[in-house]
Chemist: 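Shown below is the structure under consideration.
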Amino acid sequence: MNLDTPLIEARGLTRRYGGLVAVSDLTFEIWPGEILGLIGPNGAGKSTTFNLLSGHVRPSAGTLSFAGENIAGMAPYQVSRRGLVRTFQHDSFFREMTVVENLTVAAHRRYRSRKERVDCARRIAERVGLDRHLDAITSSLPHGLQRILSIAIAITPEPKLLGLDEPLTGLHAVEVERVLTLFRTLCREDGMTILLVDHNMKAMMGVCDRFVVLHYGKLLAQGSADEVRSNPDVIAAYLGRSE
Ligand SMILES: Nc1ncnc2c1ncn2[C@@H]1O[C@H](COP(=O)(O)OP(=O)(O)OP(=O)(O)O)[C@@H](O)[C@H]1O
């Protein structure tokens with residue numbers, strides 16, 4: 001991994017919906033090994049930016065590269081094959097299957113033999129702390145563990161960049177801490193890069209290395225938690241929201 005080269009490089013990224021510019025001339029980078037928080041008030045363009053990166057939305061203008069390769073306009077499956085894997089706001093797994101069965105399905109693309117897939121499933125389960133729940137039916141797990149399973153499925157192909165769309169929604173405080181610890185581990189120990197979008201600002205401020213702040217689709221600010229927290233433009237954009 002070349003730490004001097006951005007993993008994501010967006011230049012003038014723009015997405016229009018008729019007369020509405022959801023993302024406007026956005027230029028930013030995501031660096032290898034960081035947890036980047038994408039924040040901004042409601043309607044700022046976070047989801048659209050996230051969808052542009054993962055290929056779920058096509059740019060109207062601008063360039064977008066991932067690990068040095070132009071990915072603007074690629075389909076989601078092409079982007080994910082290159083190592084940019086995302087989660088969605090809803091959990092995506094087979095609810096009536098067990099944890100190990102879900103993870104075995106997720107290992108399908110990486111391994112050919114059933115034994116290799118099951119071994120991989122067990123390894124990933126251990127990595128994220130689901131090893132005690134291998135045979136639990138997924139729908140019977142507490143919400144926090146279901147969320148961890150979604151993340152486990154996303155990391156099974158060993159992505160270079162893991163995009164997490166509101167992964168903390170609906171989790172109670174203990175579950176949030178557990179998931180944040182997992183994010184830190186994935187970055188620090190597994191060398192993964194994480195893009196995080198979430199409305200839980202306290203958690204975001206605690207876990208993200210750096211922030212990109214959007215407002216009306218434009219880049220408003222970027223920097224560390226302290227830098228964006230003390231930025232008058234950011235404070236004004238949030239109109240005194242204390243979180
Ligand atoms: N498919 C679409 N068609 C038309 N307008 C859209 C579409 N998707 C998003 N928009 C508009 O683009 C703007 C940015 O929306 P987006 O969902 O990216 O913001 P957001 O920061 O994720 O908001 P939130 O925090 O509320 O989820 C909004 O004005 C939204 O209404």
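Whatever order the structure lists ligands and atoms in, that order sets their numbers, starting from 1.
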Chemist: Return yes when R15 approaches ligand 1 closer than 4.0 angstrom through a heavy atom, no otherwise.
Modeler: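 It does not; every heavy atom stays at 4.0 Å or beyond.
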Chemist: Among E116, K115, R117, find the one that has a side chain to side chain donor-acceptor pair (under 3.5 Å) with S113.
Modeler: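 So the option named by the test is E116.
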Chemist: Return a yes/no value for L20: is any of its N or O atoms, backbone included, closer than 3.5 angstrom to an N or O of ligand 1?
Modeler: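 No; every N/O pair is 3.5 Å or more apart.
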Chemist: Can you find a side-chain donor-acceptor pair between S54 and R86 that sits under 3.5 Å?
Modeler: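 Distance-only check passes for S54 and R86.
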Chemist: Would atom 30 (C) of ligand 1 count as contacted, meaning some protein heavy atom under 4.0 Å?
Modeler: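 So atom 30 (C) of ligand 1 lacks protein heavy-atom neighbours under 4.0 Å.
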Chemist: Think R81 forms a cation-pi with Y77, using NZ or CZ under 6.0 Å from the six-ring centre and within 45 degrees of its axis?
Modeler: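 No, a cation-pi geometry is absent between R81 and Y77.
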Chemist: Specify the protein heavy atom at minimum distance from atom 19 (O) of ligand 1: its residue, its atom name, and the distance to 0.1 Å.
Modeler: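 Among all protein heavy atoms, the one nearest atom 19 (O) of ligand 1 is G45 N, 3.1 Å.
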Chemist: Where is the nearest protein heavy atom to atom 24 (P) of ligand 1: which residue, which atom, and how far?
Modeler: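 Here the closest protein heavy atom is G43 N, 3.7 Å.
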Chemist: Do side-chain atoms of R110 reach the backbone of T156 as a donor and acceptor pair under 3.5 angstrom?
Modeler: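 Looks like yes, one N/O pair under 3.5 Å.
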Chemist: Among all protein non-hydrogen atoms, which one is nearest to atom 15 (O) of ligand 1, and what is the separation to 0.1 Å?
Modeler: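 Here the closest protein heavy atom is T48 OG1, 3.9 Å.
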Chemist: Does E166 reach ligand 1 with a nitrogen or oxygen that is under 3.5 Å from one of the ligand's nitrogen or oxygen atoms?
Modeler: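 E166 vs ligand 1: no N/O contact under 3.5 Å.
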Chemist: Please tell me if atom 21 (O) of ligand 1 is touched by the protein, where touching means a protein heavy-atom distance below 4.0 Å.
Modeler: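 Yes, because at least one protein heavy atom sits under 4.0 Å from atom 21 (O) of ligand 1.
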Chemist: Classify the contact between V197 and ligand 1 as side chain, backbone, both or neither, using a heavy-atom distance cut-off of under 4.0 Å.
Modeler: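 Answer for V197: neither.
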Chemist: In the protein, what heavy atom is nearest to atom 25 (O) of ligand 1, and what distance, to one decimal place, separates them?
Modeler: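 Heavy-atom neighbour on the protein nearest atom 25 (O) of ligand 1: K46 NZ, 2.7 Å.
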Chemist: Under a 3.5 Å distance rule, please check whether E166 uses its side chain to pair with a backbone N or O of H199 as donor and acceptor.
Modeler: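 Side chain of E166 to backbone of H199: no pair is present.
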